[in-house]
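In what follows, a single structure is set out as structure tokens and then discussed.
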Amino acid sequence: MTRTEDDQGADDVEKRVIETSGLTRVYGRGDVAVHALRGIDMTVDPGEFVALMGASGSGKSTLMNILGCLDRPTEGSYVLEGEDVSQLNKDKLAGIRNRRIGFVFQSYNLLPRLTALKNVMLPLMYNGHQSLSKGEMRERAVSVLEAVGLGDRIDHRPNELSGGEQQRVAIARALVNDPSLVLADEPTGNLDSKSGDEIMALLRQLHRSGATIVMVTHSAHDAAKAQRIMALRDGRVTARDLGVEAARRLESVTSLEGEAR
Amino acid sequence: MNFWRTLRVAWEGLTLNKGRSFLTTLGLIIGVAAVIVMMAVSAGAEAEIADQIDALGANLIVVMPAFQPGGVAGMGRARSGLAYPDDLEAIRQGVDGINGVSAEQSTVQEIRTGGNTLSGISIVGTTADFLAVRQSAVALGRFITDEDNTRRNEVAVLGSGIAQELFGEQNPLGQRIRIGSVNFVVAGVMERKGVVGNTDYDARVYIPLSVVFQRYSTSRFGGDTLNTVLVSAESRGAMEQVMQDITMVLARQRGVPTSEPDFGLMTQDTVIQAAASTTEAFRNLLGWVAGISLVVGGIGIMNIMLVSVTERTREIGLRQALGARPRDVRLQFLLEAITLSLIGGLGGILAGVGGSYVFGELGTMRTALVPMSVPLAFAAAATVGIFFGYYPATQAAQLDPIEALRRE
């Protein structure tokens, strides 16, 4: 997916997609306060593909929620493409999520009664900045569906598609508004390894075509496909560019924890 | 998201669960139908009253003997009827500004002619002033005269329906008929008047009042006494004076003090007031019932919308993640509630109009559909939808997208 001309300003190359400083998130108050994030400083440059690893409780879900503008940090700043979005109101955040962020969820989150095409068209419907006609929406949705290799499945409902195909629809939905940032939350978590590899191949392909991707994963195998691996522990960044070997060790720790749960 | 797309989404939401949506609207259908039927019934009742007023005749004063508490000790008089013809004549002679004084005494008899027998016919004994008092007219021949009454002539004036049944195309004038065991000569036929109030004027037969007393002893008071005398005033403005005069004249005639008359006067106003207060009470009651059923219908909608919001929490979370603002979510659910209500409103209008018609046709209640009630009921349904849909829609809009997405 290539960026449109509007987004590709001359100094845009310099502008980081994500730049956070001192990001904290505290749930509750006083004695029962839970510090999910304890000061995150991170940057993601345009076109980067970053994998985010960490045990459960490390704060990666909280970080993803803030990066995705679903939540606001307690303190610290989050600058998305040069705009501080850390304290925007709900309506503004909804607009940012709609136009600048594409979500890919572990459980796809497709609306079961809608066809693949209609699911992909959903973000376009909420895009108040572009008033596209129904035909234009359809055209765009079809083109992203073709790009993810589902050109022949556009009229299928989610229950008529395999898990891998459903995740492709979800990726197409994430891309349809041409976002600055794709956030993938364990995109292969519900898939068998073959479908998972296909989804990872698709994400790599997106990355090659210029998309900025942040992906949470438990799998070192998947993380290895990213350009850079970040590790989180107890609400702090413990590594900004973890080697694949270290990622494997981290994976075994997290999976042990997973089994212990 | 624009309005029409949101409406479309709302509609899709409703059609997910057609049976449930229908049952939800049923409450409102009943409520709206109740409003329309209620208005039709009370309009019908009002029309009924108007007819009864017409039936009474214009500017009518009804004189009745007072019902006195029983004189067990012998001192108290029993109810004493008005005397015929003395009381009538006293009013006629002594009171100015009246069109006429009349009385009616009915009996039910069988009528026979050479070939026909009609049974259960209402025979009304009356006087010449009946025409003026009841605003009726004769089509053929003549009505009962004062002379008929003094001489106790056995003459009958037929209602148009009776004349038709007995004689068909034949001229009834001068024909002999037998009413009960007495032979009469037909002197006239009334103009068609139809059913007014509860009385079918065309199915009656009129004979001299004196003949009723002589031949069919119907008076409950014994002798030639009446339980009602009807006086028609010349104008509405004259009513007050006429009533005072009647009280004076009749008290003197009957030898009672005017301060304690043994009779009472009633005007159409008293009757109208009594009837109007009854219909008003009736209408208020129905209004409350209809209002309550609208509220109950609305609560049904609120309930189902809350269920719907809970069931679709994850969908709401997803829509929020994809860029739906709180107001987009609120509008979606509000439109669902309003659509439900409007469907209920339309159904209710159909059921209400149909119900009014059926009630009217079955004859248990007179109904007159009020055209205004249709838009009114529709507006009420829409208001209920907005009012009861707002809370669930706001609940949906205020969901936290992270929580909502986590919900299974």
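Proteins come first, then strands; the chains are lettered A, B, ... in the order of their sequence lines, and each starts at number 1.
Between B/A324 and A/R97, the shortest heavy-atom contact is O-NH2, 4.1 Å. Considering every non-hydrogen atom in both B/L322 and A/Y126, the closest pair reads O-CB, 4.3 Å.
In terms of non-hydrogen atom pairs under 4.5 Å with chain B, the most contact-rich of A/L70, A/D91, A/I96 is A/D91. When each of B/A321, B/P401, B/G317 is scored by its heavy-atom pairs under 4.5 Å with chain A, the top score falls to B/A321.
Separating the CG atom in A/N109 from the CG atom in B/L318 is a distance of 5.0 Å, to the nearest 0.5 Å. The distance from atom CG of A/L122 to atom CZ of B/R319, rounded to the nearest 0.5 Å, is 5.0 Å. For the atom pair CG of A/N89 and CZ of B/R325, the computed distance is 10.5 Å after rounding to the nearest 0.5 Å. Between atom NZ of residue A/K90 and atom CD of residue B/Q398 there is a gap of 6.5 Å, rounded to the nearest 0.5 Å.
Atom CZ of B/F387 is surrounded by 12 or fewer heavy atoms from other residues, nucleotides or ligands within 6.0 Å. Environment of CZ in A/R113: crowded, with over 12 heavy atoms of neighbouring residues, nucleotides or ligands closer than 6.0 Å. Within a 6.0 Å radius of OH in B/Y357, other residues, nucleotides and ligands contribute 12 heavy atoms or fewer. Within a 6.0 Å radius of CZ in A/R72, other residues, nucleotides and ligands contribute more than 12 heavy atoms.
When side chains are defined from C-beta on, B/R406 does not count as touching A/S61, because their heavy atoms never get closer than 4.5 Å. The closest side-chain heavy-atom distance from B/R8 to A/M125 is not below 4.5 Å. Between B/E12 and A/L111, the closest side-chain pair of non-hydrogen atoms is not below 4.5 Å.
Only the side chain of A/L114 has a heavy atom closer than 4.5 Å to any heavy atom of chain B. For chain B, no part of A/R99 is nearby; none of its heavy atoms comes within less than 4.5 Å. If you measure heavy-atom distances from A/K134 to chain B, the contacts under 4.5 Å come from both the backbone and the side chain.
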